[in-house]
Amino acid sequence: MQLLIGADGRRWLPHGRDFVGSYGSAGAWQDGLDHAVRSLGQVGLHISPRRYRIRLRPETLTWGAFQQLINLMLDDEGKPVVLEMDGTDPTELYVTVDDAIARMTICAP
(Lines give C-alpha, C1' and ligand atoms only; values in the text may rest on other atoms or scores of the structure.)
Protein backbone atom coordinates (compact mmCIF):
# COMPACT_ATOMS: atom_id res chain seq x y z
CA MET A 1 0.00 0.00 0.00
CA GLN A 2 1.34 3.42 -0.97
CA LEU A 3 0.49 6.48 1.15
CA LEU A 4 1.39 10.14 1.21
CA ILE A 5 1.43 11.81 4.62
CA GLY A 6 0.80 15.55 4.60
CA ALA A 7 2.30 18.14 6.93
CA ASP A 8 -0.80 17.99 9.12
CA GLY A 9 -0.66 14.18 9.37
CA ARG A 10 -3.42 13.58 6.83
CA ARG A 11 -3.02 10.37 4.83
CA TRP A 12 -3.57 10.39 1.08
CA LEU A 13 -3.94 7.41 -1.23
CA PRO A 14 -2.17 8.16 -4.54
CA HIS A 15 -5.05 6.66 -6.51
CA GLY A 16 -7.68 8.57 -4.54
CA ARG A 17 -9.83 11.39 -5.85
CA ASP A 18 -8.54 13.85 -3.23
CA PHE A 19 -4.92 13.17 -4.18
CA VAL A 20 -5.57 13.66 -7.88
CA GLY A 21 -7.57 16.81 -7.17
CA SER A 22 -4.78 18.30 -5.05
CA TYR A 23 -1.72 17.14 -6.98
CA GLY A 24 -3.10 16.84 -10.51
CA SER A 25 -3.14 13.93 -12.86
CA ALA A 26 -0.88 15.17 -15.66
CA GLY A 27 1.47 12.22 -15.21
CA ALA A 28 1.59 8.94 -13.42
CA TRP A 29 0.73 8.90 -9.72
CA GLN A 30 4.43 8.28 -8.99
CA ASP A 31 5.19 11.70 -10.51
CA GLY A 32 2.67 13.39 -8.24
CA LEU A 33 4.05 11.52 -5.24
CA ASP A 34 7.62 12.44 -6.17
CA HIS A 35 6.65 16.12 -6.54
CA ALA A 36 4.84 16.09 -3.19
CA VAL A 37 7.88 14.64 -1.37
CA ARG A 38 10.61 16.67 -3.07
CA SER A 39 8.91 20.02 -3.52
CA LEU A 40 6.20 20.17 -0.87
CA GLY A 41 7.86 18.34 2.00
CA GLN A 42 5.31 15.54 2.30
CA VAL A 43 6.26 12.01 3.43
CA GLY A 44 5.93 9.03 1.09
CA LEU A 45 5.29 5.67 2.76
CA HIS A 46 5.10 2.30 1.04
CA ILE A 47 3.91 -0.55 3.25
CA SER A 48 4.57 -4.04 1.94
CA PRO A 49 4.29 -7.39 3.71
CA ARG A 50 8.09 -7.47 4.06
CA ARG A 51 9.15 -3.87 4.82
CA TYR A 52 8.40 -0.17 5.13
CA ARG A 53 9.88 2.21 2.55
CA ILE A 54 9.92 5.88 3.58
CA ARG A 55 10.80 8.91 1.46
CA LEU A 56 11.10 12.33 3.08
CA ARG A 57 13.01 15.59 3.29
CA PRO A 58 14.23 15.89 6.90
CA GLU A 59 14.34 19.70 6.90
CA THR A 60 10.62 19.92 6.08
CA LEU A 61 9.36 17.09 8.31
CA THR A 62 6.56 18.40 10.53
CA TRP A 63 5.50 17.06 13.91
CA GLY A 64 2.06 16.04 12.55
CA ALA A 65 3.57 14.02 9.70
CA PHE A 66 6.17 12.47 12.01
CA GLN A 67 3.51 11.38 14.52
CA GLN A 68 1.36 9.80 11.81
CA LEU A 69 4.39 8.01 10.38
CA ILE A 70 5.35 6.63 13.80
CA ASN A 71 1.78 5.45 14.47
CA LEU A 72 1.64 3.61 11.15
CA MET A 73 5.04 1.95 11.62
CA LEU A 74 4.32 0.83 15.18
CA ASP A 75 1.40 -1.26 13.88
CA ASP A 76 3.97 -3.85 12.78
CA GLU A 77 7.33 -3.29 14.45
CA GLY A 78 8.82 -6.49 13.06
CA LYS A 79 9.41 -5.10 9.57
CA PRO A 80 12.70 -3.57 8.47
CA VAL A 81 12.66 0.04 7.26
CA VAL A 82 14.19 1.40 4.06
CA LEU A 83 14.74 5.13 4.55
CA GLU A 84 15.35 7.57 1.68
CA MET A 85 16.06 11.10 2.86
CA ASP A 86 16.52 13.78 0.19
CA GLY A 87 19.66 15.83 0.69
CA THR A 88 21.46 13.25 2.85
CA ASP A 89 23.35 10.02 2.36
CA PRO A 90 22.08 7.30 0.05
CA THR A 91 19.26 4.98 1.02
CA GLU A 92 19.58 3.53 4.53
CA LEU A 93 18.28 0.22 5.85
CA TYR A 94 17.23 -0.32 9.47
CA VAL A 95 16.40 -3.71 10.92
CA THR A 96 14.04 -2.28 13.54
CA VAL A 97 11.41 0.44 13.46
CA ASP A 98 12.93 1.96 16.61
CA ASP A 99 16.29 2.51 14.88
CA ALA A 100 14.61 4.22 11.92
CA ILE A 101 12.59 6.48 14.25
CA ALA A 102 15.77 7.41 16.10
CA ARG A 103 17.50 8.28 12.81
CA MET A 104 14.60 10.46 11.65
CA THR A 105 14.54 12.19 15.04
CA ILE A 106 18.20 13.13 14.69
CA CYS A 107 17.68 14.58 11.19
CA ALA A 108 14.40 16.40 11.79
CA PRO A 109 14.52 20.15 12.47
Side-chain angles (χ1 to χ4, degrees):
M1 173 172 51
Q2 183 74 43
L3 295 173
L4 180 72
I5 302 172
D8 60 354
R10 180 178 178 190
R11 293 182 288 178
W12 305 73
L13 294 172
H15 302 290
R17 186 179 313 173
D18 291 339
F19 179 84
V20 173
S22 297
Y23 297 101
S25 58
W29 65 267
Q30 291 98 339
D31 295 337
L33 191 65
D34 188 54
H35 170 71
V37 171
R38 289 180 186 243
S39 301
L40 304 175
Q42 314 285 355
V43 177
L45 173 63
H46 181 257
I47 303 171
S48 74
R50 298 173 63 193
R51 70 176 178 266
Y52 293 109
R53 184 176 198 94
I54 301 165
R55 292 187 53 221
L56 58 87
R57 286 184 55 204
E59 63 273 5
T60 61
L61 185 62
T62 64
W63 180 245
F66 189 56
Q67 278 185 310
Q68 184 66 254
L69 183 59
I70 290 171
N71 287 336
L72 289 167
M73 290 191 323
L74 290 179
D75 284 343
D76 188 358
E77 294 182 60
K79 294 180 185 179
V81 178
V82 177
L83 186 58
E84 297 177 38
M85 295 188 288
D86 286 353
T88 63
D89 294 329
T91 302
E92 301 170 8
L93 175 64
Y94 295 94
V95 178
T96 67
V97 167
D98 292 335
D99 290 341
I101 291 171
R103 173 69 168 123
M104 288 184 285
T105 303
I106 291 169
C107 293

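For clarity, every value in this text was computed on a predicted model and none was experimentally measured.
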If you round to the nearest 0.5 Å, how far is [atom2] of [Y] from [atom1] of [X]?
{"X": "Ile70", "Y": "Asp75", "atom1": "CD1", "atom2": "CG", "value": "12.5 Å"}
{"X": "His46", "Y": "Gln2", "atom1": "NE2", "atom2": "CD", "value": "5.5 Å"}
{"X": "Gln42", "Y": "Arg10", "atom1": "CD", "atom2": "CZ", "value": "10.5 Å"}
{"X": "Asp99", "Y": "Leu83", "atom1": "CG", "atom2": "CG", "value": "11.5 Å"}
{"X": "Leu61", "Y": "Leu56", "atom1": "CG", "atom2": "CG", "value": "6.0 Å"}
{"X": "Ile106", "Y": "Ile101", "atom1": "CD1", "atom2": "CD1", "value": "12.5 Å"}

Quick one: do Leu72 and Leu13 end up in the same hydrophobic cluster if we chain Ile, Leu, Val, Met, Phe, Trp and Tyr together by side-chain heavy atoms under 4.5 Å apart?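 Shared cluster, yes.
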Would you say Met85 and Val82 are hydrophobically clustered, going by side-chain heavy atoms of ILVMFWY under 4.5 Å? no
Within a reach of under 6.0 Å around CZ of Arg11, are more than 12 heavy atoms found that belong to other residues, nucleotides or ligands? no
Full working for side chain to side chain contact (heavy atoms under 4.5 Å, CB included) between Val97 and Val81: CA-CA 6 Å; Val97 167; Val81 178; 4.1 Å; yes
I'd like to know if the side chain of Lys79 and the backbone of Met73 have a donor-acceptor N/O pair within less than 3.5 Å. no
Check: Asp76 main-chain N/O paired with Tyr52 side-chain donor or acceptor under 3.5 Å: yes
Side chain to side chain contact (heavy atoms under 4.5 Å, CB included) between Gln68 and Leu45, worked out: CA-CA 11 Å; Gln68 184 66 254; Leu45 173 63; over 6 Å; no
Under the side chain to side chain contact (heavy atoms under 4.5 Å, CB included) rule, what do Val43 and Phe66 come out as? Steps first, then yes or no, please. CA-CA 9 Å; Val43 177; Phe66 189 56; over 6 Å; no
Ala65 and Gly6: which non-hydrogen atoms are nearest, and at how many Å?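 Heavy atoms only, the tightest pair is CB-O, 3.3 Å.
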What are the two closest heavy atoms between Pro80 and Leu93, and how far apart are they?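 Smallest heavy-atom distance, with atoms named: CB-CD1, 4.3 Å.
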Does Leu69 reach the side chain of Met104, with side-chain heavy atoms less than 4.5 Å apart? yes
